[in-house]
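A note on names: the letters A, B, ... follow the listed sequences, proteins ahead of strands, and every chain is numbered from 1.
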Protein chains: 2
Amino acid sequence: MSQQPPSTRGRGRPSSPVLSRERLTQAAIRIVTEQGYRRLTMASLARELGVSASALYNHVSSKRDVLVLIQDRVNEQIDCSPFNTRPWDEALREWARSYRRCFAQHTALIPVMAVLPVADSPQTLRMYERVARALCDAGIDGADAVDIIVGVEALVFGAAYDVLAPTDIFDPGGLEELAPTFTRFAAQRPRDPRAAADRAFELALDSLIGGLRQRFTGAVG
Amino acid sequence: MSQQPPSTRGRGRPSSPVLSRERLTQAAIRIVTEQGYRRLTMASLARELGVSASALYNHVSSKRDVLVLIQDRVNEQIDCSPFNTRPWDEALREWARSYRRCFAQHTALIPVMAVLPVADSPQTLRMYERVARALCDAGIDGADAVDIIVGVEALVFGAAYDVLAPTDIFDPGGLEELAPTFTRFAAQRPRDPRAAADRAFELALDSLIGGLRQRFTGAVG
DNA sequence: ACCTGAACACCGTTCAAGT
DNA sequence: ACCTGAACACCGTTCAAGT
C-alpha cells in the first residue's frame, strides 16, 4: 500500500533487502500455482528465493505461517462485487460460487483457513465485513448474519474438495451388491466429474439460500 | 464376517499371526483416539503393535491406506437408524448431525474421505445405500438423490472443522477498523465456541433441508 | 509368508557463527 | 538485522537378509 523508500537501514552498508514477507508470499504462490502444494517446502521456497532455508525464519515463524500468508492472498481473489448491485440472496450465491472456485485450487488451505483467527488475515476480514454489511442492510440480525456466513462457508469448503474427486469415486468396484440402489443412481450422474460436482453444489447452494430466504424474508422465491 | 479357522498356514510351524489388517486398524484407532492424528505415524503404529515399522508394509501399502481403514471404521459409527422410522427430511437432518459429530473428531480424515473411491470403503457404501433408498422411497430421482447426499456431506465436512475453531476466531485483534460491522455482529454470538458452531450448523442444515423439501415435495414445512 | 534392521531421501526447525 | 551452514529430531518407504 504505502510506498516505502529504499531505506538504508542501520548505519553501515545498505545490505540489499534480499528477503521480505511480500517476496516470500509471491514465491510461495508461484510454487503452489505451478507445482502444487505437495512441492511447497521450506527448502523449495528458499531455493526459489535464492536463500538458505533457515533464512526464511527471519520473516515467518513456521511453515503454517507461510500458508496463512498465501491464504490471505487467495481470499483477496474472491469476488465480493455482487454485493454492490444485487439483492442479498443472489449476491450470496455469486459470492459462494467464486469462493468455491478459488478454494478448489487451494484445498490444502481449508484445514488452515477453517480454524484461523481473522486477526491474522486482513483480506479475509475485509471480505466478511462486506458480506456482513449486505446482510445487515437486508435487515438480518447480527448473530444470524455471522451464522449465515459460517454456514455458507462450510458448504463451500466441503464442496471445494468434490471438485477434485476422481471420476470413479462412486464406482463400487467389486462391492456393487452392497449398494445396488446407490450404484444405479450414481450411474445417472454426468460423466464429467467436474460437471457432476458442479451440479451437486448448485443444488445444495440453491436449496440453502432458498431456505435462508424463506426464513429471513418470508419470501418463497 | 465369515469365521476363519485358526489356520496353520503353509506346512511348517503355525508361525503365530502377529499382524493383520484388523489388528492394525484397531491399533491405529487407539492411537488416534488417545493421542490424536499428529501422533499417528508408521513408527508409533508399529510400536503399539510390537513390530518394526517395515513390517506394516506387508499389510498396507502406505500411510494413506491406514487412514482409509480408519475412515471406514469411523463411518460405521454414523447413525443411519433415523431412516428406518422418520420421513426423509427429518432423517436426513439426524443423519447429518451424527455425521458431523463423528468427523469433528476426525477432521484429518476429511481430505481423504472427500476424494476416496467408495470401492475402498464398504461401510461408507452401505451408508450411502441406506440414504439413497430412503430418498428413492420418497420419490426423489436418482441423480438428484446422489446430489443431495453429496451436498449434505459437503456441509457436514465444512462444519466439522468449525467445531474445533478457537474462541477468538472472529476477534479482529488490531484490525477492528477493517471490519466494524462484522466485529459487532461476531460479539453477539454465544461465548462458548462449540455452541456458536452448533448454532451456525443448525441454521445452515435447517435451511438446506428446508430448501430441499420445498424443491422435492412442494411442501413449505 | 511375514518379519527385522539398515538405509534412503526427505521433512521442518534451531542455532552458533558470521557480516 | 539478516544471512549461512551444520546439525537435530523426525518423517514415510524400500529392500536385502533372515525364518
Would you write out the dot-bracket form of DNA chain D, 5' to 3', with Watson-Crick and G-U pairs under 3.5 Å, [ ] for crossing pairs, | for pairs to other strands and . for unpaired bases? ||.|||||...|||||.||

Atom-to-atom span, CG of Leu19(B) to P of dC2(C) - whole angstrom: 10 Å

Contact residues, residues 26-35 of chain B to DNA chain D [heavy atom, < 4.0 Å]: none

Under the salt bridge (Lys or Arg N to Asp or Glu O under 4.0 Å) criterion, do Arg97(A) and Glu202(A) qualify, and how do the steps go? CA-CA 9 Å; Arg97(A) 283 174 174 159; Glu202(A) 291 294 334; 2.8 Å; yes

Check whether the ring centres of Phe170(B) and Phe182(B) lie less than 6.0 Å apart, and answer yes or no. yes

Any donor-acceptor N or O pair under 3.5 Å, side chains Glu153(B), Tyr128(B): yes

Under 3.5 Å, which protein N or O atoms sit close to an N or O of nucleotides 11-13 of chain D? Give each pair with its distance.
{"from": "dG12(D)", "atom 1": "OP1", "to": "Lys63(B)", "atom 2": "NZ", "distance (Å)": "3.1"}
{"from": "dG12(D)", "atom 1": "OP2", "to": "Met42(B)", "atom 2": "N", "distance (Å)": "3.1"}
{"from": "dT13(D)", "atom 1": "OP2", "to": "Tyr57(B)", "atom 2": "OH", "distance (Å)": "2.7"}
{"from": "dT13(D)", "atom 1": "OP2", "to": "Lys63(B)", "atom 2": "N", "distance (Å)": "2.9"}
{"from": "dT13(D)", "atom 1": "O5'", "to": "Tyr57(B)", "atom 2": "OH", "distance (Å)": "3.2"}

Nearest non-hydrogen partners of Asp72(A) and Gln123(A), listed with the distance: OD1-N, 2.9 Å

If we ignore hydrogens and angles and just use 3.5 Å, is the side chain of Arg130(B) paired with the main-chain N or O of Phe83(B) as donor and acceptor? yes

Give the rounded distance in Å between these two atoms: CG of Asn58(A) and P of dC2(D). 7 Å

Does Thr181(A) use its side chain to pair, donor to acceptor, with the backbone of Arg133(B) at less than 3.5 Å? no

Counting the benzene-type ring for Trp, do Phe157(A) and Phe157(B) have ring centres under 6.0 Å apart? no

Taking all non-hydrogen atoms of both residues into account, name the closest pair between Gln188(A) and Ala143(B) and its distance. OE1-N, 3.6 Å

Would you check if the side chain of Ser98(A) reaches a backbone N or O of Glu94(A) as a donor-acceptor pair within less than 3.5 Å? no

Separation of dT4(D) P from Leu49(A) CG (nearest whole Å): 11 Å

Does a side-chain N or O of His59(B) approach OP1 or OP2 of dA1(C) to a distance below 4.0 Å, or not? no

Which class fits the ring pair His106(A) and Phe103(A): parallel under 30°, tilted 30 to 60°, perpendicular over 60°? perpendicular

